[in-house]
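A note on names: the letters A, B, ... follow the listed sequences, proteins ahead of strands, and every chain is numbered from 1. When reading the values below, keep in mind they use all heavy atoms of this one structure, side chains included, and skip hydrogens, waters and symmetry mates.
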Amino acid sequence: MNKQLYIYNTLSREKELFEPITPGRVGLYVCGPTVYGDPHLGHARPAITFDLLNRYLTHLEYKVRYVRNITDVGHLESDGDEGEDKIAKKAKLDELEPMEVVQHYTNSYHNFINQLNVKSPSIEPRASGHIIEQIEVIKSIIDKGYAYESNGSVYFEVKKYNNDFPYGILSGRKIEDLINNTRTLDGQSEKRDGLDFALWKKAAPEHIMRWPSEWSDGFPGWHLECSAMSKKYLGEQFDIHGGGMDLLFPHHECEIAQSTVSNGKTPAKYWMHNNMITIDGQKMGKSLGNFITLEQFFSGNHDKLEKAYSPMTVRFFILQAQYRSTLDFGNDALQAAEKGLSRLSEAFNNLDKIPISEKSNVDIEALKEKCYAALNDDLNSPILIAHLFDAVKTINSLIAGNVTINQQDLGLLKSIMQNFAIDILGLNLDPAEASGNDEKLDDVMQLLLTMRSDAKSNKDWAMADKIRDELANLGFVIKDGAEGATWEIK
RNA sequence: GGUUCCUUGGCCGAGUGGCUUAGGCACUGGUCUGCAAAACCAGUUACGGCGGUUCGAAUCCGCCAGGAACCUCCA
């Protein structure tokens, strides 16, 4: 089978065959959240996108080291001297210790991301725990002559860098255009040039998040943590760097510049960027204030939500779009995903009901190839899901007796569903998970179903319907099948 | 203003030169059922506009319209 994975590399703007630097091993770095607010639907997208990548690479038998950072130092609120550390600001508002705020939102992030069945990364480094490493990177950049100190702060000299290296290789920006379009800042700037960016910022007196350095008591600049931590855990050059498209410029561009100077080589071989989730056609984001938190999705407690949506519904919804496309939030789409997922789940749980025949007249091997082809084409999860729905149709047809399958093909079909739906897409199709039922409840339900069955045998339709309808009122759906009735919670 | 990108049927969302009627949801008809539900079978609705390249374009090129992201923190 073809297991040649092609991924879209932002550097080349083309799909490229993935070839790891070290055979059999993959170093993957993904920009994690800035923990100063509740995790929202936008945070779920990269988490799930790169979870899919991590799971698929693992399935392909690569040994993956997946590093996803926690940004807890806080980026600058605004440029220039009036810049204020975002986390410190929030802390003052809440009258909490900065690290208390950070811990709270880190826990919250873990809690909700875990509910989405996202596997934990191999290493989850915090920026605040790597101040020393960041200072080391700054020193090396100063030593190589691409940074200067100014009033206790250190800035990266973009124009000088651009003379020797291609600044803008990732984002496709040209420095001439940037020069013409740089905002004019009020007041005096410590920077020699508007394009320069901070590697170290001297902390203002009221600034409570601060660390000592040879330049000043302060804090590391916006983009430094990823350069420092990717180097520490994945080496100077690693395979894949991921993150949201909104980080492409300036964050990732600056990261490349820093790492390139510091290490003398470009950091990542492949850059992958997930697109945004939109709401009413606009990006869902913290700064726009139009985000819906994951907690609100799971509880339904938001004006825009017609109902609560389970974590698996949210995950499935996100996977139904290819990661490089924008995905528009909407209740209709969520509910369509919910129903589709339910159908997929039901078929998966009915695999054991499929009768085995001598001969197969279904082509399971072809299905498997198609599933791999979908993922190999830049993780095209919607295509994969389409193929899984073909499998659903096959499963249902097999149970209905329209087609037949032999033992070997059935085993293959089961492994396809397990591998692609459960292991790679990371869907939890366990009926207990979906409905929250337990064994005792099932015993009670079986009793009621037996009573209804008896009533039907006696043609006591009134009683039979009463049981069904009353259960429906309580949120249980009864499904009559060839070999008896089953139930589920709606 | 600069850079990049998008516009597919009722909704979401794939596709990238010539049968994919992708798939999901919704809808319609049929089978099944005591009636339903579920399931199965069948079916309807499409490629923003204009021009060009081509034997042939949703798919390539140009223009126009509308929208978005980035250029400041953002997933």
Side-chain angles (χ1 to χ4, degrees), chain A residues 13 30-34 36-37 39-50 71 74-80 83 86 168 171-174 176-183 185 222 242-251 253 273-278 281-288 291 316-317 320-322 324-341 343-344 346-347 350 374 377 380-390 392-393 395-397 399-403 456 459-461 464-465 468-469 472 477-482 485-486 488:
Chain A
R13 316 230 160 201
V30 175
C31 290
T34 305
Y36 69 105
H40 59 75
L41 189 61
H43 291 104
R45 188 134 201 219
I48 288 171
T49 295
F50 293 105
T71 297
H75 294 168
L76 290 173
E77 186 78 17
S78 61
D79 211 349
K86 202 168 262 182
S171 59
R173 279 159 213 271
K174 293 184 171 58
E176 301 80 36
D177 297 331
L178 291 167
I179 291 165
N180 294 333
N181 291 296
T182 300
R183 290 188 312 160
L185 298 166
W222 325 350
M245 267 186 190
D246 48 354
L247 299 177
L248 212 159
F249 189 91
H251 182 61
E253 198 69 64
H273 292 93
N274 63 276
N275 214 320
M276 302 292 101
I277 288 179
T278 58
Q282 262 205 325
K283 170 184 166 182
M284 183 183 286
K286 179 85 181 163
S287 53
L288 292 166
F291 60 93
F316 189 67
F317 170 69
Q320 272 192 310
Q322 208 266 351
R324 284 191 294 117
S325 300
T326 55
L327 173 60
D328 200 50
F329 156 82
N331 280 285
D332 290 347
L334 260 309
Q335 282 162 32
E338 184 175 56
K339 288 181 186 171
L341 178 64
R343 209 158 87 84
L344 186 63
E346 202 163 323
N350 283 340
D377 185 14
N380 200 326
S381 53
I383 293 288
L384 172 58
I385 289 169
H387 294 320
L388 291 180
F389 274 110
D390 288 342
V392 167
K393 200 164 197 173
I395 291 166
N396 289 333
S397 293
I399 293 170
N402 295 341
V403 288
K456 284 172 73 174
K459 297 201 188 298
D460 184 358
W461 309 126
D465 287 354
R468 183 179 66 197
D469 297 342
V477 181
I478 304 303
K479 296 176 183 174
D480 291 328
T486 57
E488 69 178 41

Taking only the P atom of each, what is the distance from B:rA75 to B:rA37 in whole angstrom? 46 Å
Euclidean distance for P, B:rU20 against B:rA36 (whole angstrom): 39 Å
Listed partners of A:T486 passing side chain to side chain donor-acceptor pair (under 3.5 Å), at least two apart: none
The contact string for nucleotides 44-49 of chain B, one letter per nucleotide 5' to 3', using protein heavy atoms under 4.0 Å with B, S and - for base, sugar-phosphate only and none, comes out as ------
Sorted by chain and residue number, the side chain to side chain contact (heavy atoms under 4.5 Å, CB included) partners of A:R343 (sequence neighbours excluded) come out as A:F389, A:V392, A:N396
Expressed in angstrom and rounded to an integer, what is the separation of A:F249 atom CZ from B:rA75 atom C1'? 18 Å
Taking for A:P250 and for A:L341 the nucleotide of RNA chain B with the nearest heavy atom, the one nearer the 5' end belongs to A:L341
Pick out the pairs of N or O atoms, protein on one side and nucleotides 26-28 of chain B on the other, that lie under 3.5 Å.
residue	atom	partner	partner atom	Å
B:rA26	OP1	A:K339	NZ	3.3

Mind checking A:K283 for me? I need base, sugar-phosphate or nothing, with any heavy atom below 4.0 Å counting as a touch. base
Could you say whether A:G42 or A:D390 is positioned toward the 5' end of RNA chain B, judged by the nucleotide with the nearest heavy atom to each? A:D390
Please state how far atom CD1 in A:I385 lies from atom P in B:rC25, giving the value in whole angstrom units. 12 Å
Side-chain heavy-atom pair A:L341, A:F317 within 4.5 angstrom cut-off: no
Rounded distance in Å - CG (A:L248) to C1' (B:rU4): 9 Å
Indicate, with a heavy-atom threshold strictly under 4.0 Å, whether A:H40 touches base, sugar-phosphate, or nothing. base
Can you find a pair of side-chain heavy atoms, one from A:I383 and one from A:D377, that are under 4.5 Å apart? no
What's the spacing between A:Q322 CD and A:L384 CG if we round to 0.5 Å? 12.0 Å
Restricting to salt bridge (Lys or Arg N to Asp or Glu O under 4.0 Å), what partner residues turn up for A:K456, sequence neighbours left out? A:D480
A:Q282 atom CD is separated from B:rU7 atom P, nearest whole Å, by 19 Å
Euclidean distance, A:E338 CD relative to A:N331 CG, rounded to 0.5 Å: 10.5 Å
Can you name the nearest heavy-atom pair linking A:S381 to A:A321, along with the distance? OG-O, 3.6 Å
Pairwise P distance for B:rU59 and B:rU7, with rounding to whole Å: 11 Å
A side-chain contact here means heavy atoms from C-beta on lying under 4.5 Å apart; do A:S171 and A:L248 qualify? yes
Please enumerate all residues that pass salt bridge (Lys or Arg N to Asp or Glu O under 4.0 Å) together with A:K174, with sequence neighbours excluded. none
For a quick check of understanding: with a heavy-atom distance under 4.0 Å over all strands, which category does A:M276 fall into, base, sugar-phosphate or nothing? base
For the C1' atoms, the ones on B:rA14 and on B:rU8, what distance do you get once it is rounded to whole angstrom? 10 Å
Gap separating the CG atom of A:D328 from the OG1 atom of A:T278, nearest 0.5 angstrom: 3.5 Å
A:R45 side chain reached by A:N275 side chain, heavy atoms, under 4.5 Å: yes
If I take atom CG in residue A:N274 and atom P in nucleotide B:rA69, what distance separates them, rounded to the nearest angstrom? 15 Å
Tell me every residue that passes side chain to side chain donor-acceptor pair (under 3.5 Å) with A:H43, counting only those two or more places apart in sequence or in another chain. none
A:L344 side, atom CG; A:I385 side, atom CD1 - distance, nearest 0.5 Å: 8.0 Å
Scan A:G330 against the nucleic acid and name what it touches under 4.0 Å (heavy atoms): base, sugar-phosphate only, or nothing. nothing
Using the C1' atom as the reference point in each nucleotide, state the distance between B:rG18 and B:rC60 in Å, no decimals. 14 Å
How does protein contact run along nucleotides 34-42 of chain B, one letter per nucleotide 5' to 3', with B for base contact, S for sugar-phosphate only, - for none, heavy atoms under 4.0 Å? BBBBSSSS-
With C1' as the reference atom in both, quote the distance from B:rG15 to B:rC19 in angstrom, rounded to an integer. 14 Å
For A:R13 and B:rC70, what is the distance between atoms CZ and P respectively, to the nearest whole Å? 15 Å
For nucleotides 10-17 of chain B, print each protein N/O atom paired with a nucleotide N/O atom at under 3.5 Å, atom names and distance only.
residue	atom	partner	partner atom	Å
B:rG13	OP1	A:D328	N	3.0
B:rA14	OP1	A:Q322	N	2.7
B:rA14	OP1	A:S325	OG	2.9
B:rA14	O3'	A:N380	ND2	3.3
B:rG15	OP1	A:N380	ND2	3.2

Could you state the CG-P distance from A:D246 to B:rC71, rounded to the nearest angstrom? 8 Å
Which atom names give the shortest non-hydrogen contact between A:A347 and A:I395, and what distance separates them? O-CG2, 3.7 Å
Is A:P39 touching bases, backbone alone, or none of the nucleic acid, heavy atoms closer than 4.0 Å? nothing
Residues two or more places apart in sequence or in another chain: which of them pass side chain to side chain donor-acceptor pair (under 3.5 Å) with A:K283? A:D246
So, is A:T34 close to the B:rA75 phosphate, meaning a side-chain N or O under 4.0 Å from OP1 or OP2? yes
Within-4.5 Å side-chain heavy-atom neighbours: A:H40 and A:M284: yes
So for atom NZ, which belongs to A:K393, do other residues, nucleotides or ligands contribute more than 12 heavy atoms lying within a distance under 6.0 Å? no
Taking the same atom, P, in B:rG56 and in B:rG51, what whole-Å distance lies between them? 15 Å
When every non-hydrogen atom of A:A337 is compared with those of A:Q320, the smallest separation belongs to CB-OE1, 3.6 Å
Taking pairs as Watson-Crick (N1-N3 plus N6-O4 or O6-N4) or G-U wobble (N1-O2 and O6-N3), each distance under 3.5 Å, the stems of three or more consecutive pairs with RNA chain B are B:1-7 with B:65-71, B:10-12 with B:23-25, B:27-31 with B:39-43, B:48-52 with B:60-64
CG of A:D465 to CD1 of A:I478, rounded to nearest 0.5 Å, is 12.0 Å
Can you find an N or O donor on one side and an acceptor on the other, under 3.5 Å apart, linking the side chain of A:R173 with the base of B:rC71? no
Pairs under 3.5 angstrom, nitrogen or oxygen only, protein versus nucleotides 58-61 of chain B, please.
none

Using atom P in both nucleotides, what's the gap between B:rA46 and B:rA38 to the nearest angstrom? 27 Å
